[in-house]
**Q** 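Quick one: the structure is below, and I'll ask about it shortly.
All figures in this text were calculated on a predicted structure; none of them were measured in a lab.
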Amino acid sequence: MIRDWSASAAGAIRGTSAPVTRTLIVLCCLVFLAGPASGLHPAHGSGVELLEARRAYFRHWGVIPADLFEGSPRAVLTPATALFVHGDWVHLLGNMLFLHVFGAMTEARMGRVRFTLCYAGCGYLALLGYAAANADSERSLVGASGAISAVLGAFLFLFPRARVTSLLPFLFFLPVRLPAWVVLPFWAALQWAAAGRAGEGPGVAYLAHLIGFGLGFGCAWVCSGRATTVKATPAPAPEGENQP
């Protein structure tokens with residue numbers, strides 16, 4: 001959850017329809033539900049058969065770094081198709097939660113076209129960068145994490161003083177409201193630390209998260225001079241106080 005530094009401006013931004021953000025969420029969910037990763041369709045089988053169907057599905061639509069730079073036109077498209085494919089329910093729901101929370105305000109401030117180009121372009125380049133750094137890998141890379149990390153980076157530039165509700169493990173997962181300039185760089189630092197130990201854990205493309213985050217921040221900086229201006233009616237002063 002978020003709270004902008006200006007209550008009236010944040011209310012106006014969050015009140016927008018955010019059609020691009022909603023469309024992206026719907027598309028990712030529909031693609032997931034139609035594929036074998038959801039496990040909902042008997043046609044994909046069960047057990048070993050379902051696992052094989054998932055592997056084939058990920059290899060077809062996901063990024064395989066070892067195949068990407070061979071010049072195949074289909075392989076060049078996979079960093080775009082992989083943005084709509086997710087590995088399991090946790091992967092999907094986690095990504096869509098971040099996109100829902102941070103996407104609407106970022107879209108409203110950047111404008112629909114710039115937001116779409118930032119999301120797709122940064123997401124593509126994030127996966128491409130990860131593939132270039134792991135050019136010999138045969139593992140399939142799927143998910144919108146690189147693009148959503150770009151949304152986080154753009155959000156940090158556009159709303160550095162926004163309040164973000166976070167669950168911190170060293171505080172026993174108690175919800176704490178902190179500024180975005182504290183939470184999001186801390187998140188990026190965790191991705192950096194995890195990227196250094198990527199070979200020791202599950203197959204998560206932390207490097208793609210970092211690349212997307214940096215690209216999204218830079219994209220918002222470049223677009224900031226022409227960003228959409230959101231007009232807001234000043235919020236009424238609390239009882240007993242005067243407006244400045």
Side-chain angles (χ1 to χ4, degrees), residues 23-100 103 119-152 187 190-213 215-216:
T23 299
L24 289 170
I25 292 174
V26 170
L27 285 176
C28 287
C29 290
L30 290 177
V31 169
F32 179 80
L33 293 175
S38 67
L40 297 178
H41 298 285
H44 296 136
S46 60
V48 175
E49 186 180 4
L50 179 59
L51 290 176
E52 290 299 327
R54 288 178 177 175
R55 291 192 188 99
Y57 183 76
F58 295 151
R59 288 190 67 85
H60 183 78
W61 297 109
V63 177
I64 302 176
D67 297 341
L68 184 59
F69 301 104
E70 293 182 352
S72 167
R74 192 198 68 79
V76 172
L77 292 175
T78 55
T81 59
L83 294 177
F84 298 92
V85 179
H86 290 82
D88 53 37
W89 284 95
V90 173
H91 190 198
L92 172 75
L93 295 177
N95 275 351
M96 295 305 100
L97 175 61
F98 272 78
L99 181 56
H100 170 71
Y119 181 93
C122 294
Y124 185 99
L125 292 175
L127 295 180
L128 189 65
Y130 177 88
N134 299 271
D136 297 330
S137 175
E138 296 282 350
R139 299 183 65 176
S140 302
L141 178 64
V142 298
S145 301
I148 295 171
S149 297
V151 173
L152 299 184
W187 173 87
L190 291 178
Q191 305 307 301
W192 178 272
R197 297 178 284 104
E200 304 173 11
V204 179
Y206 295 107
L207 179 59
H209 300 175
L210 286 169
I211 295 173
F213 187 81
L215 289 173

**Q** How long is the straight-line distance from CZ of F58 back to CD1 of I64, given to the nearest 0.5 Å?
**A** 12.0 Å
**Q** So, using ring-ring contact (aromatic ring centres under 6.0 Å, His included) as the criterion, who are the partners of H60 when residues are at least two apart?
**A** none
**Q** Sequence neighbours left out, what passes side chain to side chain contact (heavy atoms under 4.5 Å, CB included) with A82? Give chain and number order.
**A** V63, L127
**Q** Go through the steps for L210 and S149 under the test side-chain contact (heavy atoms from CB on, under 4.5 Å), then give the verdict.
**A** CA-CA 7 Å; L210 286 169; S149 297; over 6 Å; no
**Q** What closest approach, in Å, do E138 and R59 show between heavy atoms, and which atom pair accounts for it?
**A**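 Looks like O-NH1, 3.3 Å.
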**Q** Using every non-hydrogen atom in the two residues, find where L68 and A131 come nearest and quote the distance to one decimal.
**A**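 That would be CD2-CB, 3.6 Å.
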**Q** Go through the structure and list residues passing side chain to side chain contact (heavy atoms under 4.5 Å, CB included) with L125, not counting sequence neighbours.
**A** L128, L215
**Q** State whether the side chain of H86 and the backbone N or O of S38 hold a donor-acceptor pair below 3.5 Å, judged by distance alone.
**A** no
**Q** Looking at every heavy atom in both A37 and R54, which two are closest together, and how far apart are they?
**A**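 Smallest heavy-atom distance, with atoms named: O-NH2, 3.3 Å.
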**Q** Looking only at non-hydrogen atoms, find the nearest pair between V85 and T81 and report the distance.
**A**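 Closest heavy-atom pair between V85 and T81: CG2-O, 3.5 Å.
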**Q** Could you please spell out the steps behind the side-chain contact (heavy atoms from CB on, under 4.5 Å) verdict for S140 and R55?
**A** CA-CA 8 Å; S140 302; R55 291 192 188 99; over 6 Å; no
**Q** Which atom names give the shortest non-hydrogen contact between A144 and N95, and what distance separates them?
**A**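 Nearest pair, atom of A144 first, then N95: N-ND2, 3.6 Å.
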**Q** Between Y124 and L83, which heavy-atom pair has the shortest distance, and what is it?
**A** N-CD1, 4.2 Å
